[in-house]
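Only one structure is covered here, and it is reproduced in the block below.
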2 protein chains.
Amino acid sequence: MRRTPAPRPLPPAEDQAARFARQREADRTATAEDYVELIADLLRADGEARAVDIARRMGVSQATVTATIGRLQRDGLVETKPYRGLFLTDAGRDMAQAAKARHELVVRFLIAVGLDAETAEQDAEGIEHHASEAALQAFERFLAARKAGG
Amino acid sequence: MRRTPAPRPLPPAEDQAARFARQREADRTATAEDYVELIADLLRADGEARAVDIARRMGVSQATVTATIGRLQRDGLVETKPYRGLFLTDAGRDMAQAAKARHELVVRFLIAVGLDAETAEQDAEGIEHHASEAALQAFERFLAARKAGG
DNA sequence: TCCGAAAGTTAGCCTAGGCTAAGAAGTGAT
DNA sequence: ATCACTTCTTAGCCTAGGCTAACTTTCGGA
């Protein structure tokens, strides 16, 4: 029982820097993914996506939604007409679909490893943006194995 | 084989808004956690934490480090003397220790579910900030069970 | 000792993503 | 058709977290 468990040396600075850089990249796309995912859900559920509903569901002001939508439009993810509802471009739809699939996979995975549904839903919101393709595949394999094995 | 898999209704707006709010809260603390964790690592490995090394390992400029350290100092996590190294306050040490424990738990967990070590390290960087206490406990249980069962 | 390189800071700029307050545009009921 | 209400936008502000360029301080070697 030693006090210094494992004086693991620090990773090479370049590796660590690369990880943080990828991290910041993921942070940048997270907002866009959350928005298009929500817009897709609203379009499916209500037939339209209105700024006021997005504001309510994101827990932010309408002014913030207007500004964010502007960025999404600039980035070619949504289309808007002033005072009209929002629509997703092809790119937006693709992103939404991928985000939704990731989200649901992460939720199912978290529940499978023993988390309650409510917390799984909460944590998935953050984790989905930081799980790599490799991680998602590992989650899929895990779920498949669990299903097969019982 | 239906085209519309499950027209799952949207969650209540308030619940969803609360989740996003907690999400934003986690995002705000993530930077602080990353910094104090790195500072603790540097102190342990090198005996001192210098801004230039933090800049190198975070992949940002020294000016960015200076600004961020200023915020950490304002928030009572680090202590600095101009042109001298950095030191953690008690609060900073606590945060660093918790962050490190979370980080390593997430890495071990990701490896246990089939991820390679390199990707686990990368993904943990993002996931550690978004896993709730309940999730971390679930990960612990999973690892314990895996160890017991084989 | 002193002087050049390395380290740290400061100034000034930028974007994302929050906010409030106020005004403009659309909509529904009478 | 009008008027009140809702929705959307605009203006102006803020913080976090990036950047470069220029300046200051420290430190080590000749």
Side-chain angles (χ1 to χ4, degrees), chain A residues 13 17-39 42 46-87 125-126 129, chain B residues 13 17-39 42 46-87 125-126 129:
Chain A
R19 284 204 284 268
F20 280 119
R22 255 170 288 167
Q23 205 46 50
R24 288 191 292 271
E25 180 58 34
D27 287 344
R28 264 196 301 279
T29 60
T31 301
E33 291 175 351
D34 285 340
Y35 268 73
V36 296
E37 189 178 345
L38 177 53
I39 291 168
L42 287 169
D46 303 350
E48 61 177 354
R50 280 148 67 247
V52 65
D53 292 322
I54 295 172
R56 191 148 36 224
R57 303 197 94 94
M58 297 285 301
V60 299
S61 70
Q62 279 186 235
T64 294
V65 170
T66 299
T68 304
I69 293 300
R71 284 189 287 271
L72 297 182
Q73 193 169 14
R74 178 200 61 191
D75 297 343
L77 296 169
V78 310
E79 279 170 356
T80 72
K81 297 177 202 156
Y83 294 94
R84 285 284 169 281
L86 305 174
F87 302 94
E125 204 61 70
H129 303 297
Chain B
R19 284 203 284 268
F20 280 119
R22 257 171 285 168
Q23 205 45 50
R24 289 192 293 270
E25 180 57 34
D27 287 344
R28 265 197 301 279
T29 62
T31 302
E33 291 175 351
D34 285 340
Y35 268 73
V36 297
E37 189 176 346
L38 177 54
I39 291 168
L42 287 170
D46 302 351
E48 61 176 356
R50 280 149 66 248
V52 66
D53 292 322
I54 295 173
R56 191 147 37 224
R57 303 197 94 94
M58 297 285 301
V60 300
S61 71
Q62 281 186 228
T64 294
V65 171
T66 298
T68 304
I69 294 298
R71 285 189 287 270
L72 298 182
Q73 193 168 14
R74 180 199 61 191
D75 296 344
L77 296 169
V78 310
E79 279 169 355
T80 73
K81 296 175 202 157
Y83 294 97
R84 285 287 170 278
L86 305 175
F87 302 93
E125 205 61 71
H129 302 297

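In this text, all values refer to a predicted model and were calculated from it rather than measured experimentally. Every chain is numbered from 1 and lettered A, B, ... according to where its sequence line falls, protein lines coming before strand lines.
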Go through [options] for me and flag the one nearest to the [X] side chain.
X	options	answer
A/Y35	C/dG8, C/dG18, D/dT9	C/dG18
A/S61	D/dT7, C/dT20, C/dG8	C/dT20
A/Y83	C/dG8, C/dG23, D/dT10	C/dG23
A/V60	C/dG18, C/dG8, D/dC19	C/dG18
B/T66	C/dC19, D/dC19, C/dT10	C/dT10

Query - Earlier contact from the 5' end, DNA chain C, for A/M58 and B/K81 - result: B/K81
Starting at [atom1] of [X] and ending at [atom2] of [N], how long is that distance when rounded to a whole Å?
X	N	atom1	atom2	answer
B/R50	C/dA5	CZ	P	18 Å
A/I54	D/dT7	CD1	C1'	13 Å
A/H129	C/dA16	NE2	C1'	15 Å
A/E25	C/dA16	CD	P	12 Å
A/Q23	D/dG18	CD	P	11 Å
B/F20	C/dG18	CZ	P	10 Å
A/E48	C/dG26	CD	P	15 Å
B/Q62	C/dA7	CD	P	7 Å

So, is [X] close to the [N] phosphate, meaning a side-chain N or O under 4.0 Å from OP1 or OP2?
X	N	result
A/R74	C/dA16	yes
A/T31	C/dG17	yes
B/T68	D/dG17	no
B/T64	D/dG17	no
B/R71	D/dG17	yes

Query - Exercise: identify the closest heavy-atom pair between B/R24 and A/G59 - result: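 Minimum heavy-atom separation between B/R24 and A/G59: NH2-O, 3.2 Å.
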Query raised in the report: Taking all atoms of both residues into account, what is the closest heavy-atom pair of A/T29 and A/A26, and its distance?
Result: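 Shortest heavy-atom contact: OG1-O, 3.0 Å.
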Query raised in the report: Between B/E25 and B/R22, is a salt bridge (Lys or Arg N to Asp or Glu O under 4.0 Å) present by the stated rule, with each step listed?
Result: CA-CA 5 Å; B/E25 180 57 34; B/R22 257 171 285 168; over 6 Å; no
**Report entry** Between B/H129 and B/D27, a side-chain donor and acceptor under 3.5 Å
**Finding:**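 Checked: B/H129/B/D27 side chains show no N/O donor-acceptor pair below 3.5 Å.
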Query raised in the report: Where each residue is assigned the nucleotide of DNA chain D containing its nearest heavy atom, which of B/D27 and A/G85 is assigned the position nearer the 5′ end?
Result: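 Nearest nucleotide further toward 5': that of A/G85.
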Query raised in the report: If you find the nucleotide of DNA chain D closest to A/A49 and the one closest to A/R24, which residue's nucleotide is nearer the 5' end?
Result: A/A49
Query raised in the report: Between atom CG of B/L86 and atom OH of B/Y35, what is the distance when rounded to the nearest 0.5 Å?
Result: 10.5 Å
**Report entry** Worked check of side-chain contact (heavy atoms from CB on, under 4.5 Å) between A/E125 and A/D34
**Finding:** CA-CA 8 Å; A/E125 204 61 70; A/D34 285 340; 3.5 Å; yes
Report task. Describe the nucleic acid contact of A/A67 in one word from base, sugar-phosphate, nothing, applying a heavy-atom distance below 4.0 Å. Result ->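 Nothing: the residue A/A67, judged by heavy atoms under 4.0 Å, touches no strand.
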Query raised in the report: Heavy atoms under 4.0 Å, any strand shown: does B/R84 hit a base, just sugar-phosphate, or nothing?
Result: sugar-phosphate
